Each structure stands twice: as structure tokens, then as C-alpha cells.
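Heavy atoms only: backbone and side chains are in, while hydrogens, waters and symmetry mates are out. Note that the structure is a prediction, hence the values are computed from the model and not measured.
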Amino acid sequence: MYRAVKCIKKSALEMQPQLLLEADILKNLKHPGIPTIYDVEEDDEHYFIIEEYIQGQSLEAFVLRQDCISIDTAIYMTLQICDVIKYLHDLKPEPVLYQDLKPEHIILCGKRIVLIDFGISSYITNDGNTFQNFGTQGFAPPEKYQGIACDIRTDIYGVGKILEFMAKKMPSEEFQFLIPFTAKATACNMDDRYDSIQAFEAELERALCNGSQNIHQTINKHLLTEIAVAGTQNRIGTTHLAISLTCFFNQNHKPCIYQEYHPSDCMRLLAKEDGSYMRKDGLIAYEKFYGMPYYGEGIETWKQTGRLYVQDYGTNIDEMLDEDKKQIVVMGSRPWECESTKNLLEKIRLCEHLVLICNYENTSQAKNLARLYHHRIYCFPLDADPFRMTREKRKFFAKLLHQERW
């Protein structure tokens with residue numbers, strides 16, 4: 001088994017006496033989420049702290065590499081951190097404050113979380129503990145900078161900030177569900193926070209136990225889960241737009257899957273492209289794109305909770321309009337395509353959740369149709385590669401989603 005050795009100069013202890021306090025604290029701790037201290041040696045000039053070598057990646061590195069983190073994963077990791085902090089706060093005769101919770105100090109070792117670097121940890125005494133000069137900006141609580149005595153609520157603030165950090169990679173609707181927990185844990189006023197890590201842990205456990213039902217039911221009431229796309233005729237860019245929209249969501253950390261809702265060669269041909277591959281779950285993966293081919297009416301398609309689906313109906317507009325979901329109609333804007341466009345607009349009901357898009361960035365045609373039918377019409381920019389997210393397409397989709405309140 002590997003060991004890690006920390007070397008501390010005795011001369012440095014005159015300026016930083018807390019450097020040796022870490023070893024004094026750790027040598028009495030026995031928890032799977034805390035490194036084990038095996039021995040402390042010294043010579044004339046140095047102290048040597050021999051401790052367990054923790055092999056893994058930091059929570060910071062893990063989060064930065066993820067496109068999306070589920071609410072269940074974030075809560076599960078937070079509960080493990082709570083368990084370590086609870087152990088420290090319950091120590092007898094003197095509880096321990098960790099005081100420096102941040103993603104770099106949390107190591108993921110398989111399914112185990114280990115808290116490292118107890119450099120500014122301290123025992124809780126009757127006089128309290130200030131150490132207000134230490135801490136990491138963005139994770140240290142206000143009392144660290146105000147000279148107020150720290151207590152167990154200081155660590156509760158840190159756990160809340162860790163959960164917020166992971167929530168940056170969650171779909172925004174899932175983070176909204178967690179706001180009451182994180183807001184209470186990270187309240188500026190210490191009296192407004194949870195009064196114990198057990199209280200915070202208990203609320204998160206209830207949320208995790210209800211995760212597959214209540215959480216996702218609550219979220220899905222307002223969550224955009226399906227966008228259907230159809231075109232007025234063949235070869236006007238319906239599939240192109242649907243693929244681009246899928247890539248837009250994935251590149252903005254909103255997990256999204258394209259679904260073929262009509263027989264097409266599109267996904268079959270994509271599967272033969274260099275750089276693409278067929279996953280075991282039947283999806284075709286290509287760069288930031290994930291697509292579900294049309295497998296026929298006899299095959300039931302699956303859906304994953306928390307993902308968005310862009311569904312390509314081809315030219316089956318009537319079938320799409322019968323569905324209760326957000327809908328996009330791609331319309332031709334060239335002279336030979338305009339008749340089909342006008343025929344469609346004459347016969348369908350232009351409701352709020354129906355979005356009309358002219359292809360080829362034909363702004364004059366879009367304005368004419370908007371005036372004629374009293375409905376907002378967007379112009380999709382000229383584009384050669386549906387998988388490449390240009391600045392024009394990014395701006396286009398962001399504007400559409402904002403204006404339609406999607």
C-alpha cells in the first residue's frame with residue numbers, strides 16, 4: 001500500500017503553528033472518508049507526517065469533465081460529504097471543524113469520497129474559533145471575513161456550496177428544485193442555516209428517496225422534455241434544423257437526444273461516418289450529437305428521465321400537430337416552395353406552442369408571412385454543417401427559446 005509523506009520545516013511553525021495541528025487532529029480520526037495517519041517522525045529540522053495515499057480525482061476535475069450531472073448523483077455525493085462532516089462534529093471530547101470545504105479537497109476514489117487537507121481544521125472549544133483569515137473565496141462563509149467565531153454552521157455552509165458547485169452541471173430545472181436546500185445551508189446569517197449537519201442530511205435523504213418519483217414529477221411539471229419538428233415538404237432543412245437544435249442543447253449542458261419519427265436514411269448514413277459509433281442502447285453518437293434511428297412502428301422507443309428529445313417528424317405535419325408538445329414547422333421560402341407554405345398556414349390553427357421557421361434566412365419572406373398570418377416567424381441562418389454550432393446558430397436558438405419562453 002502506498003504512503004504519502006508531508007514534510008514540514010520546524011522553522012515554519014513559528015509563523016504557522018497550525019501546520020502541525022493537522023497531524024494532531026488526523027491521528028485520532030478513523031473514518032473511510034478521511035486519510036489515515038500512520039506515523040509522525042522528526043529530525044533536527046523537519047517533521048514528517050506519514051499518511052494514507054489517496055488515489056483518485058478531485059471533485060473539481062470530475063465536475064469540469066462532465067457534460068451533465070444528475071440530481072441523484074449530486075445528492076448522493078453530498079450525503080457522503082455530510083457523513084464525514086457529521087463524524088467530525090460528533091467527536092468526543094472535542095468536535096472538529098473542517099473549515100475549508102472546496103472541490104479540490106474532495107477526492108473521488110471509485111464510489112468512495114475522501115476529504116483531504118485538514119490544514120486549517122481545528123477543535124471546537126468553548127471560546128469558539130475564528131481563523132477568519134483562512135478560507136477559499138466562493139466557498140468560505142461570511143463569518144470568515146467578519147471576525148465572527150466559527151461553529152458547525154461554518155462547515156454546513158461549505159457543504160451547501162459544494163452542492164451548488166455540482167449544480168452548475170445540472171439541468172436548470174433540477175437545480176431549481178435544490179435551491180431551498182442550498183439557500184438555507186449557505187445563508188449569510190449563521191442563525192438562518194441548518195442548526196446541524198444531521199438536519200441538512202435528513203432533508204437531502206428525503207429528497208434522494210423520492211428522487212425517482214416526487215423530484216422528477218415536480219421538475220417535469222415545468223420541464224421542457226419534447227420538441228417536435230416537421231417540414232412543409234421534403235428537402236427544406238427539417239432534419240438539418242432538428243440535428244442543429246440537438247447539438248445546441250448538448251453543447252449548453254442540456255442532455256438532448258434526436259429521435260427519428262419517420263423512415264429516413266439520415267441516421268443510417270450517419271452511422272457510417274468516420275467518428276460516429278452505435279452505442280449499446282441503440283443511440284448513434286457523433287461529436288456532441290446523440291440520435292435514435294427510426295426502428296419501425298413495432299419497436300417501442302425508450303426515454304430517459306431528465307433528457308430532452310427533439311423529434312423529427314419529416315413531412316408528417318398532421319401527425320405532429322395532433323401531439324401535445326412544443327412544435328416547430330420548417331417552411332420553404334424559395335419561390336417554388338412558397339405555395340406549400342401558404343397552403344399549410346391556411347389550414348392549421350396557429351397556436352402559441354407552434355413555432356414557424358423560414359429556411360435559408362429569407363427575412364423578407366418571413367416578414368410577409370408574419371404580417372399576413374399575424375404570427376411570429378423566425379429565419380434559420382444559412383448553414384452547411386448541422387453538427388457545427390456557429391455563432392449565428394447559437395444566437396438564433398437562444399433567441400427562439402427566450403422569446404417562446406421555452
Side-chain angles (χ1 to χ4, degrees), residues 22 25-26 29 31-34 58-60 63 69 71 73-92 94-107 113-168 170 175-209:
E22 177 180 8
I25 290 175
L26 283 174
L29 303 183
H31 189 281
I34 298 173
S58 70
L59 180 64
E60 180 185 44
V63 171
I69 296 177
I71 189 171
T73 297
I75 293 178
Y76 176 73
M77 289 186 178
T78 305
L79 286 174
Q80 288 198 60
I81 299 168
C82 285
D83 188 66
V84 179
I85 298 301
K86 180 173 63 175
Y87 169 79
L88 296 174
H89 290 180
D90 288 345
L91 285 170
K92 306 295 182 185
E94 291 180 316
V96 170
L97 283 183
Y98 181 75
Q99 297 198 84
D100 198 18
L101 276 166
K102 56 183 178 181
E104 303 98 289
H105 289 172
I106 297 166
I107 304 299
I113 279 182
V114 179
L115 199 57
I116 64 169
D117 201 336
F118 282 66
I120 66 170
S121 300
S122 63
Y123 294 108
I124 302 176
T125 64
N126 292 332
D127 297 328
N129 189 318
T130 54
F131 279 121
Q132 66 271 17
N133 293 327
F134 296 95
T136 301
Q137 187 174 6
F139 293 92
E143 59 265 24
K144 283 281 187 177
Y145 307 102
Q146 296 170 357
I148 301 173
C150 299
D151 62 22
I152 60 174
R153 293 169 294 182
T154 299
D155 284 342
I156 292 170
Y157 182 97
V159 178
K161 282 295 182 181
I162 292 293
L163 183 54
E164 279 189 354
F165 175 75
M166 289 188 281
K168 293 178 182 178
M170 286 183 204
F175 182 42
Q176 292 294 321
F177 181 85
L178 289 178
I179 284 179
F181 305 107
T182 57
K184 186 172 182 179
T186 62
C188 290
N189 189 328
M190 296 173 71
D191 292 334
D192 294 333
R193 297 175 201 162
Y194 293 97
D195 57 8
S196 69
I197 197 69
Q198 287 91 336
F200 186 29
E201 186 181 42
E203 288 206 10
L204 288 178
E205 282 180 337
R206 282 194 293 270
L208 184 62
C209 288

Under a 3.5 Å distance rule, please check whether D117 uses its side chain to pair with a backbone N or O of H105 as donor and acceptor.
no

Gap between atom CD of E60 and atom CD1 of I106 - 0.5 Å precision:
10.5 Å

Would you be so kind as to tabulate the donor-acceptor pairs closer than 3.5 Å made by side chains of residues 183-190, with sequence neighbours excluded?
unit_1	atom_1	unit_2	atom_2	d
T186	OG1	T182	O	2.6
N189	OD1	D191	N	2.9

Kindly compute the distance separating CG (L97) from CG (L88), expressed to the nearest 0.5 Å.
9.0 Å

Quick check: do K144 and I120 have side-chain heavy atoms less than 4.5 Å from each other?
yes

Taking every non-hydrogen atom, the tightest pair across S58 and P103:
CB-O, 3.9 Å

Side chain to side chain contact (heavy atoms under 4.5 Å, CB included) with Q80: which residues, sequence neighbours excluded?
Y76, I113

Are Y87 and I34 close enough that some pair of their side-chain heavy atoms sits under 4.5 Å apart?
yes

R193 side chain vs R153 backbone, donor-acceptor pair below 3.5 Å
yes

Anything under 30° is parallel, anything over 60° is perpendicular, the rest tilted; go ahead and classify Y98 against F118.
perpendicular

Quick check: closest heavy atoms across I75 and L204, and the distance to 0.1 Å?
CG2-O, 3.6 Å

Kindly determine whether K168 and V63 satisfy side-chain contact (heavy atoms from CB on, under 4.5 Å), including the steps that lead there.
CA-CA 9 Å; K168 293 178 182 178; V63 171; 5.8 Å; no

So the salt bridge (Lys or Arg N to Asp or Glu O under 4.0 Å) pairs with at least one residue in residues 156-166 (sequence neighbours excluded) are K161-E164

Where is the tightest heavy-atom contact between V114 and P32, given as atom of each residue plus distance?
CG2-O, 3.9 Å

Trace of the side-chain contact (heavy atoms from CB on, under 4.5 Å) decision for L91 with L29
CA-CA 9 Å; L91 285 170; L29 303 183; 3.2 Å; yes

side-chain hydrogen bond (donor to acceptor under 3.5 Å, both in side chains), paired with K86, selected from H31, Q198, E201:
E201

Return the NE2 to CD1 distance between H89 and I156, rounded to the nearest 0.5 Å.
7.0 Å

Tell me, do M170 and L178 make a side-chain contact under 4.5 Å, heavy atoms counted?
yes

Going by heavy atoms in the side chains, are I152 and P95 under 4.5 Å from each other?
no

In Å, rounded to the nearest 0.5 Å, how long is the span from CG of D100 to CD1 of I116?
10.5 Å

For Y157, ring-ring contact (aromatic ring centres under 6.0 Å, His included) partners two or more places apart:
none

With rounding to the nearest 0.5 Å, note down the distance linking CZ in F181 to CG in L163.
9.0 Å

L101 and F139: side-chain contact (heavy atoms from CB on, under 4.5 Å), yes or no, with the steps?
CA-CA 7 Å; L101 276 166; F139 293 92; over 6 Å; no

Does F165 have any ring-ring contact (aromatic ring centres under 6.0 Å, His included) partners at least two apart in sequence or in another chain, and if so, which?
none

Taking only residues two or more places apart in sequence, or in another chain, which ones meet Y194 in a ring-ring contact (aromatic ring centres under 6.0 Å, His included)?
F200

Just wondering, do I197 and D155 contact through their side chains at under 4.5 Å, heavy atoms?
no

Would you name the heavy atoms of M166 and A74 that are closest together and state the gap between them?
CE-O, 3.5 Å

